[in-house]
Number of protein chains: 2
Amino acid sequence: MQISNAEEITGFFKALGNITRLKIVAELAKNDKCVSDVENIIGTRQANISQHLAVLKKYGVVDCRRDGNMRCYFLRQPEVVKNVLWLLGKKE
Amino acid sequence: MQISNAEEITGFFKALGNITRLKIVAELAKNDKCVSDVENIIGTRQANISQHLAVLKKYGVVDCRRDGNMRCYFLRQPEVVKNVLWLLGKKE
DNA sequence: TCAGTATATTCTTATTATCTAATATATGCA
DNA sequence: TGCATATATTAGATAATAAGAATATACTGA
């Protein structure tokens, strides 16, 4: 197995290697959400959610678009993320 | 997407979220290796490789067996790991 | 323009990760 | 038993991450 873009892949794993961010990503896998939606679902302070979303964005896992007053976050590669989570979620 | 075993999955991502460990795992995806093999391929000090292998083991990514004087490390779920790396390695 | 809402940023502190150097442990063999 | 080899563990320094609190920014609507 050759890893050509090891930095990038490591970044993906770093991004998901935190339980709060994993939960955020799992929520975004269902549908796009604005920050306050995520805040309500995850039950963490707004600033913290915002920081985690920034990390996810920095590593290229999510991106966002403005929606009026809000920011709507979404997975950049939803199928990849869903497949990875599915693979890991299966019981072996 | 429901994440039932979030802790465990986060652990997997933490384990792979380091470039040295990612490289180790990519090597083990080719075939099992003893510590000195990994050391030579990765080009890092023995103690450090040993520490990284301990992290991978702690999170359940690898396991090892004794082989005489050596320890042979292997992926616990090679197919899962290979599939995940393949998914992430594809160019989109 | 001003107030209100939504989100981001900065700062501080605590925890965790990483690396090196030194040392310990375990096995194989003479 | 004693030495060499292979690997693991510990300790200590530094860096990276995470969370809360406070504050700043940006958009909306009156």
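Here the structure is a predicted model, which is why all the values come from computation and not from measurement. Note on naming: letters A, B, ... go to the chains in the order of the sequence lines (proteins, then strands), and numbering restarts at 1 for each one.
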Interatomic distance, Asn18(A) atom CG to Thr10(B) atom OG1 [nearest 0.5 angstrom]: 7.0 Å
Minimal heavy-atom distance between Arg66(A) and Arg71(A), with the atoms involved, is NH2-NH2, 2.9 Å
Could you walk me through whether Asp63(A) and Lys57(A) pass the side chain to side chain contact (heavy atoms under 4.5 Å, CB included) check? CA-CA 6 Å; Asp63(A) 205 348; Lys57(A) 194 171 172 190; 3.4 Å; yes
Could you give the NZ-to-C1' distance, from Lys14(B) to dT18(C), as a whole number of Å? 15 Å
With the side chain of Cys34(A) defined as its heavy atoms from C-beta on, choose the nearest nucleotide among dA17(C), dT7(C), dG20(D). dT7(C)
Of all heavy-atom pairs between Tyr73(B) and Leu28(B), which one has the smallest distance, and what is that distance? O-CD2, 3.6 Å
Between Lys58(A) (NZ) and dT9(C) (P), how many Å, whole number? 13 Å
Hey, which of Leu56(A), Asn31(A), Val81(A) is the one that makes side-chain contact (heavy atoms from CB on, under 4.5 Å) with Leu75(A)? Val81(A)
Of all heavy-atom pairs linking Cys34(A) and Met70(A), the shortest is SG-SD, 3.7 Å
Calculate the interatomic distance between Asp37(A) atom CG and dT5(C) atom P; express it in whole Å. 17 Å
Using a 4.0 Å heavy-atom cut-off to protein, can you give one letter per nucleotide of nucleotides 22-30 of chain D, 5' to 3': B if the base is in contact, S if only the sugar-phosphate is, - if neither? B---SBS--
Specify the separation, in whole Å, of atom NZ of Lys57(A) and atom P of dA8(C). 8 Å
Could you tell me the separation between the CD atom of Glu39(B) and the OG atom of Ser50(B), rounded to the nearest 0.5 Å? 9.5 Å
Less than 4.0 angstrom between a side-chain N/O of His52(A) and OP1 or OP2 of dT17(D), yes or no? no
Using whole Å, report how far CG of Leu53(B) lies from C1' of dA6(D). 13 Å
State whether the distance check finds a donor on one side and an acceptor on the other, under 3.5 Å, for side chain Gln51(A) versus base dT7(C). no
Rounded distance [0.5 Å steps], CD1 in Ile41(A) versus NZ in Lys23(A): 12.0 Å
So OG1 of Thr44(A) and NE2 of His52(A): to nearest 0.5 Å the spacing works out to 7.0 Å
If you compare every side-chain N and O of Ser36(A) against the phosphate oxygens of dT7(C) (OP1, OP2), does one of them come in below 4.0 Å? yes
Please tell me if Tyr73(B) has a side-chain N or O lying less than 4.0 Å from either OP1 or OP2 of dA6(D). no
May I have the distance from Asn48(A) (atom CG) to dT10(C) (atom C1'), rounded to whole angstrom? 14 Å
Contacting residues from residues 15-33 of chain B, given that a heavy atom lies under 4.0 angstrom of DNA chain C: Asn18(B), Arg21(B)
Quick note, Arg45(A) side chain, CB onward, closest among dT7(C), dA21(C), dA21(D) is dA21(D)
What integer distance in Å separates Glu39(A):CD from dA8(C):C1'? 13 Å
Between Arg65(A) (CZ) and dA8(C) (P), how many Å, whole number? 14 Å
